[in-house]
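Structure incoming, see below.
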Protein chains: 2
Amino acid sequence: MSAIKERRERERAQRHQLIITAARELAEAEGWEAVTTRRLAERVEYSQPVLYSHFRGKDAIVRAVAIDGFGELAAHLRRARSAAPEPRQALHAVCRAYLGFATERPALYRAMFVMPTDVKFAHAETPPQLRASFDEFVSCFRPDNARRELSAEVVWSALHGIAVLSDSGRIPPDGQKERLDFLVTRLADTAS
Amino acid sequence: MSAIKERRERERAQRHQLIITAARELAEAEGWEAVTTRRLAERVEYSQPVLYSHFRGKDAIVRAVAIDGFGELAAHLRRARSAAPEPRQALHAVCRAYLGFATERPALYRAMFVMPTDVKFAHAETPPQLRASFDEFVSCFRPDNARRELSAEVVWSALHGIAVLSDSGRIPPDGQKERLDFLVTRLADTAS
DNA sequence: ACATGAAATCTAGCGCTGACAGAAAACAGG
DNA sequence: CCTGTTTTCTGTCAGCGCTAGATTTCATGT
């Protein structure tokens, strides 16, 4: 009887993740406009109300997708930074990786940083994966730089601006490299 | 008979603007989620289909609001730049004005720079008000700076990033001044 | 002054959406 | 095999953007 309950919970957890994955795939394939509760339910081969037994509502599903994304972003940035031989190149590599992430997974990126959210940023309840992503930027600045957190914040904001303006067609897609180089050159640590 | 037609067209133009204004006011008061064609129609005291005799659809109304906004932003930035005594302060003043605009009219700002749009940016068909806004940034850099357009683009992007992340609660509202100062210091023309 | 025809406007409805209440089915335990 | 709980589904709600077709308004010609 305990074993049965365990199996059920296991299956339930699988289905939970299945919903998140399906939502993400659908969003990446056709955009978030196409992610309706009905289409999502059809895709996971359950009826619509089942979604509400896992999530409070559609917003909560988007949020779950976003949190998955935070983990991937942190790993992505970490990989980029580790591969860079020295600090100055580290910032460049992390920034390039960030923009690449945003460009290659626009729907996921939107869930994380554009769509309305109640996820806490820069707060005690901030998801650790998100904190980790931010820390990748912080680590690109010298520990003795009293304003490295501020620097990280501004770099992140600037990258975000470039990412979303480019994604929505408000700045031309070519010239990203120039913008990136310019930004990094100006915002990197001044030579000690 | 010609006079009648003229009066009608005048009234029609007034109603056109009335719809735009009502949409904007409703959005600024309750957010764009609250701007439905029904509520908007009720507010202008006409039936819903009348909206569609003026605009192709809801998107077109949002776009009209945005274009109004571009004009206001250009004027706002121009005022700020004119009031600054010298170039270095000009960039600072324009950036501060930009962030102020975004903060004080978040709904209008969203229509202009966040919501999906088919307005052409950096293009021959770009609305002149929008081009003018961009040029205010360009003018903050020295004419002999070969990369002043690039600089303007990056400054704008960074400000946009700060504006939207702050508006959606993804960076703390306090510290805006520090971010602004930091950004301007780093991105301004290097001393000739 | 009244009928006519066009123009402007409204009523009613379509196919969607997110969300939920209550019926139905599945299933473990006696 | 029956019982009671848990799970899942059917059916529905109010509201969305949008539109076809009925209705009203109104300048015009007799």
Side-chain angles (χ1 to χ4, degrees), chain A residues 1-20 22-24 26-27 29-66 107 110-111 115-118, chain B residues 1-20 22-24 26-27 29-66 107 110-111 115-118:
Chain A
M1 104 176 194
S2 174
I4 287 171
K5 204 158 201 171
E6 278 178 31
R7 173 183 54 84
R8 286 221 173 151
E9 279 179 18
R10 214 166 43 235
E11 286 172 353
R12 190 175 169 77
Q14 275 178 9
R15 196 173 59 181
H16 189 90
Q17 192 56 47
L18 179 64
I19 293 171
I20 297 174
R24 173 174 169 173
L26 194 48
E30 306 183 39
W32 282 106
E33 313 75 43
V35 182
T36 71
T37 55
R38 275 168 245 269
R39 286 200 63 185
L40 187 52
E42 190 190 16
R43 203 168 161 119
V44 298
E45 297 180 300
Y46 281 92
S47 74
Q48 202 194 0
V50 166
L51 303 179
Y52 293 88
S53 76
H54 285 272
F55 300 94
R56 179 183 291 270
K58 196 187 166 183
D59 290 356
I61 298 176
V62 174
R63 195 177 130 196
V65 171
R110 280 191 55 199
M115 296 171 80
T117 189
D118 52 3
Chain B
M1 106 180 195
S2 174
I4 285 171
K5 205 159 201 171
E6 279 179 28
R7 173 183 54 83
R8 287 222 173 149
E9 280 179 18
R10 215 166 41 235
E11 287 173 352
R12 190 176 169 75
Q14 275 177 8
R15 196 173 58 179
H16 188 91
Q17 192 56 48
L18 179 63
I19 293 171
I20 298 174
R24 174 175 169 173
L26 194 48
E30 307 183 39
W32 282 106
E33 313 74 44
V35 183
T36 71
T37 56
R38 276 168 243 268
R39 287 200 61 185
L40 186 51
E42 189 191 15
R43 200 167 164 123
V44 297
E45 297 179 303
Y46 281 93
S47 74
Q48 210 190 353
V50 166
L51 302 179
Y52 293 88
S53 75
H54 285 272
F55 301 94
R56 180 182 292 270
K58 195 187 164 182
D59 289 356
I61 298 176
V62 174
R63 194 177 130 194
V65 171
R110 278 191 56 198
M115 295 170 81
T117 189
D118 52 3

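A quick note: this is a predicted structure, and the numbers were derived from the prediction, not measured. Just so we're on the same page: letters track the sequence lines, and every chain starts at 1.
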Practice problem: Please state how far atom CD in B:Glu42 lies from atom C1' in C:dC10, giving the value in whole angstrom units. | Solution: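 Rounding to the nearest Å, CD of B:Glu42 and C1' of C:dC10 are 15 Å apart.
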Quiz item: Would A:Arg63 and A:Asp118 count as a side chain to side chain contact (heavy atoms under 4.5 Å, CB included) if you check the C-alpha gap in whole Å, the side-chain angles of each, and the deciding distance to 0.1 Å?
Solution: CA-CA 8 Å; A:Arg63 195 177 130 196; A:Asp118 52 3; 3.1 Å; yes
Quiz item: A:Arg10 has an atom CZ; how far is it from atom P of D:dT7, in whole Å?
Solution: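 In whole Å, D:dT7 P lies 15 Å from A:Arg10 CZ.
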Self-check item: Set of side-chain contact (heavy atoms from CB on, under 4.5 Å) partners for A:Ala34, sequence neighbours left out
Solution: A:Glu30, A:Arg39
Self-check item: Straight-line distance of A:Gln48 CD to A:Thr37 OG1, nearest 0.5 Å
Solution: 3.5 Å
Practice problem: Verify side chain to side chain contact (heavy atoms under 4.5 Å, CB included) between B:Phe55 and B:Ile20, making sure each step is shown before the conclusion. | Solution: CA-CA 10 Å; B:Phe55 301 94; B:Ile20 298 174; 3.7 Å; yes
Quiz item: Atom CD in B:Gln14, atom CD in B:Glu11: separation rounded to 0.5 Å?
Solution: 7.0 Å
Self-check item: Integer-rounded Å distance: C:dA28 P and A:Glu11 CD
Solution: 10 Å
Quiz item: Rounded to the nearest 0.5 Å, what separation is found between the CZ atom of A:Arg56 and the CG atom of A:Leu51?
Solution: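 Rounded to the nearest 0.5 Å, the CZ-CG separation comes to 15.5 Å.
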Exercise. Mind calculating the distance between CH2 (B:Trp32) and P (D:dG17) to the nearest angstrom?
Key: 12 Å
Quiz item: Where along residues 48-60 of chain B does a heavy atom fall under 4.0 Å from DNA chain D?
Solution: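 B:Gln48, B:Pro49, B:Tyr52, B:Gly57, B:Lys58, in order of number.
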Exercise. Hey, could you give me the CE/CH2 distance between B:Met115 and B:Trp32, rounded to the nearest 0.5 Å?
Key: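 The CH2 atom of B:Trp32 is 5.5 Å from CE of B:Met115, to the nearest 0.5 Å.
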Quiz item: Counting any heavy atom closer than 4.0 Å, what does B:Arg39 reach on the DNA or RNA strands: base, sugar-phosphate only, or nothing?
Solution: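 Touches nothing.
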Quiz item: Starting at OH of B:Tyr46 and ending at P of C:dC10, how long is that distance when rounded to a whole Å?
Solution: 7 Å
Quiz item: NA contact type, A:Arg12, heavy-atom cut-off 4.0 Å: base, sugar-phosphate, or nothing?
Solution: nothing
Quiz item: Taking atom C1' of C:dG18 as reference, at what distance in whole Å does atom CD of A:Glu33 sit?
Solution: 16 Å
Quiz item: If only side-chain N and O atoms of A:Ser47 are considered, is one of them under 4.0 Å from the OP1 or OP2 phosphate oxygen of D:dT8?
Solution: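 No.
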Exercise. Could you check how far CZ of B:Arg63 sits from P of D:dG17, rounded to whole Å?
Key: 19 Å
Quiz item: Per the atom types in the model, does the base of C:dG18 pair as donor or acceptor with the side chain of A:Arg38 at under 3.5 Å?
Solution: yes
